[in-house]
There are 2 protein chains.
Amino acid sequence: MIKIRDLEYLTAIAEYKHFGHAADACFVSQPTLSGQIQKLEQRLKLTLIERQPRNVMLTPAGEKLVQQARQVLNAANNFEEAAKALLDPLSGDLHIGLIPTLAPYILPHIMPKLNSNLAKINFYLHENRTQDLLQQLEAGKLDILILPWLPEMVRFERYDLFTEPLVMATSPSHPLANKTKVTFDDLHNQKILTLEDGHCLRDQAMGYCFSAGAEEDDSFRATSLETLRYMVASNIGITLLPQLATINYAPQKHIHYIPFESPQPVREISLLCRTGYAQMESVRAVVNEVRQAVTGLFD
Amino acid sequence: MIKIRDLEYLTAIAEYKHFGHAADACFVSQPTLSGQIQKLEQRLKLTLIERQPRNVMLTPAGEKLVQQARQVLNAANNFEEAAKALLDPLSGDLHIGLIPTLAPYILPHIMPKLNSNLAKINFYLHENRTQDLLQQLEAGKLDILILPWLPEMVRFERYDLFTEPLVMATSPSHPLANKTKVTFDDLHNQKILTLEDGHCLRDQAMGYCFSAGAEEDDSFRATSLETLRYMVASNIGITLLPQLATINYAPQKHIHYIPFESPQPVREISLLCRTGYAQMESVRAVVNEVRQAVTGLFD
DNA sequence: CCATATCAATAGATTTAAACTATGATAAAA
DNA sequence: TTTTATCATAGTTTAAATCTATTGATATGG
């Protein structure tokens, strides 16, 4: 049977493409790593690594097996994590991934509670776009994600957290600015400012707007919600913002936030983790904390 | 880092609840296994095993970690399998699980092709009920399943194979026996013979029958399709049979098989395997063979 | 075109730990 | 009480992973 150490050596080579550096990363000498890799290749009767002078690379077989090796290493990590968790539940490291249109606006609401009520857990926060987050979750670099749920995420375990309405943002001088509610029909023929490609908020908000007959202002695409907010305040156009981004957020005076009549456009914020993740207790505790922290925010 | 050997020892203990037998299963001496388990417990600072005199059992922590250990061992197995597969694609062992209401009727159609066109693969066939099969697939004891798809199976990778109609089976003396087609309404107030609990065909066929206003003959539940067939031939009642079970199957003279007008009752036969299974090439080859083997059967 | 730096492979010694056999201890069964 | 089953302990052997030191091969720079 294969040894876990061998798999670590193999993946290290895959990462560094260099025997010496890989050996350092594994805290062994270069001859040790070279030797073990050779034995592995003999045992499998496969050439895993192409040793060109000054250019180490993996063969196709090597690539394939590195993938499998990572699976094993992930599972082994889970084992160790689970053991630690048993020793001291609700402790250890938890890497949370969030999307940029949610992180800055929800974290102030949840982190104080998480840090005080789950004090033994070290929270690491990672901000990235949905597709990157999903990859990192799968690869074991992240433990949980907080983002709007999409059907492609069925392979992960899902906890619904809350439903966040999108509200219209206009400058005070815009014709719609002084309504207390806007409707689907108000969007007709409006020019909408959007985020750049890759933000899932863009797809969601724009889906709603286009079906209402609005048009995208494609002369401009914002790189962040804050840019978008300042564009709206400068009376360049209107946009939809997630409601969390409108709570306690300046500049209140130069921008009007107007809720929609139902059916409101919304995004369904969920928490994902790998099925079979070792520290489910921590995950459930986080779910509870977040749900409590947001109750009342949307009423 | 943990060693795979340790995990094998741990799962062996979990399986046999006996150090000696577990040691035999691992091909090591009992003291070796005892010692390694002790070291493992020391390293994790957890008691994994409760050593009552003549009664070895796992602690809750042990149970939890055995689950994690099996994950690792599965992944490690996948690695080795993948390596073998690279050495010689479309070869090796493939454990196929099928349900009893499908296996005997489809295997004659597919096994000849599989054995001749994928000659380097050793096929092992396992017949069991759906729930057991799913567990065994998850545990890595089986590699692929062929059965009617249900929503709870989303966690596995799915390949649709074919749609199998269910047909009505009656004795020649039954009032419906000489129709060339039967309809949903013909089922009204009929007494239907059924399989015993646990067969998914029972749920599917009966669901259709009940919604048509048929009643179950609950004085009797058959243990196999063949029993059911002979009960029908003896004019005890009628039933629905999957169409594959009516092709080339005696006693043709004592039983009439009548198809339904559309909408026919059907079952959707799919092939499942674990996502990330090492020998996907073999799986896809099997899917192709099966699809080819059944084309024409239902036209 | 030679000198040098880089990098992986090899050789041989060392250390670690996993495995074995033999035996002891304990409690249930006879 | 004796026997049997079963796990733990002790001491030894064996296997293999690791280390340091070195070689060999190949680009690169002067």
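This structure is a prediction, so every number in the text was calculated from the model and none was measured. No hydrogens, no waters, no symmetry mates; every other heavy atom, side chains included, goes into these values.
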Determine, step by step, whether B:Arg51 and B:Glu41 satisfy the salt bridge (charged side-chain N to carboxylate O under 4.0 Å, His left out) criterion, reporting the C-alpha distance in whole Å, the side-chain angles of both residues, the deciding distance to 0.1 Å, and the verdict. CA-CA 13 Å; B:Arg51 290 119 165 130; B:Glu41 287 182 309; 3.0 Å; yes
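- Spacing between atom CE of B:Met1 and atom P of D:dA17 amounts to 17 Å, rounded to whole angstrom units.
- No side-chain donor from either of A:Gln131 and A:Gln136 sits under 3.5 Å from a side-chain acceptor of the other.
- If you measure from atom CD of B:Glu50 to atom P of D:dT6, you get 18 Å, rounded to the nearest angstrom.
- OP1 or OP2 of D:dA8 lies within a sub-4.0 Å distance of a side-chain N or O belonging to B:Arg51.
- Side chain of B:Thr32 to backbone of B:Val28: no donor-acceptor contact under 3.5 angstrom is found.
- B:Thr59 places a side-chain N or O within 3.5 Å of a backbone atom of B:Leu48 that can act as its donor or acceptor partner.
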Decide yes or no on side chain to side chain donor-acceptor pair (under 3.5 Å) for A:Ser34 and A:Gln30, but give the supporting numbers first. CA-CA 6 Å; A:Ser34 287; A:Gln30 169 264 316; 3.0 Å; yes
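- Rounding to whole angstrom units, CG of residue A:Leu40 and P of D:dA16 are separated by 15 Å.
- Neither OP1 nor OP2 of C:dA17 sits under 4.0 Å from any side-chain N or O of B:Lys3.
- Within the 3.5 Å criterion, the main-chain N or O of A:His95 finds a donor-acceptor partner in the side chain of A:Asp143.
- In terms of position on DNA chain C, the residue among B:Tyr9 and A:Val56 whose nearest nucleotide sits closer to the 5' end is A:Val56.
- B:Glu289 has no carboxylate O lying under 4.0 Å from a charged side-chain N of B:Arg284, or vice versa, which leaves the two without a salt bridge.
- Contacts between residues 30-38 of chain A and DNA chain C, defined by a heavy-atom separation under 4.0 Å, are made by A:Gln30, A:Pro31, A:Ser34, A:Gln38.
- The local environment of CD in B:Glu281 is sparse, with at most 12 non-hydrogen atoms from other residues, nucleotides or ligands closer than 6.0 Å.
- If you check residues 13-26 of chain A against DNA chain C, the residues with a heavy atom closer than 4.0 Å are A:His18, A:Phe19, A:Gly20, listed by number.
- In this entry the distance linking CD1 of B:Ile4 with P of D:dA17 reads 13 Å, nearest Å.
- Formation of a donor-acceptor pair under 3.5 Å by the A:Ser270 side chain with backbone atoms of A:Arg158 is not found in this model.
- Between the CG atom of A:Asn55 and the P atom of C:dC7 there is a distance of 11 Å, rounded to whole Å.
- Whole-Å rounding puts the B:Arg43 CZ to C:dA18 C1' distance at 14 Å.
- Checking the phosphate oxygens (OP1, OP2) of C:dA18, no side-chain nitrogen or oxygen of B:Arg5 falls inside 4.0 Å.
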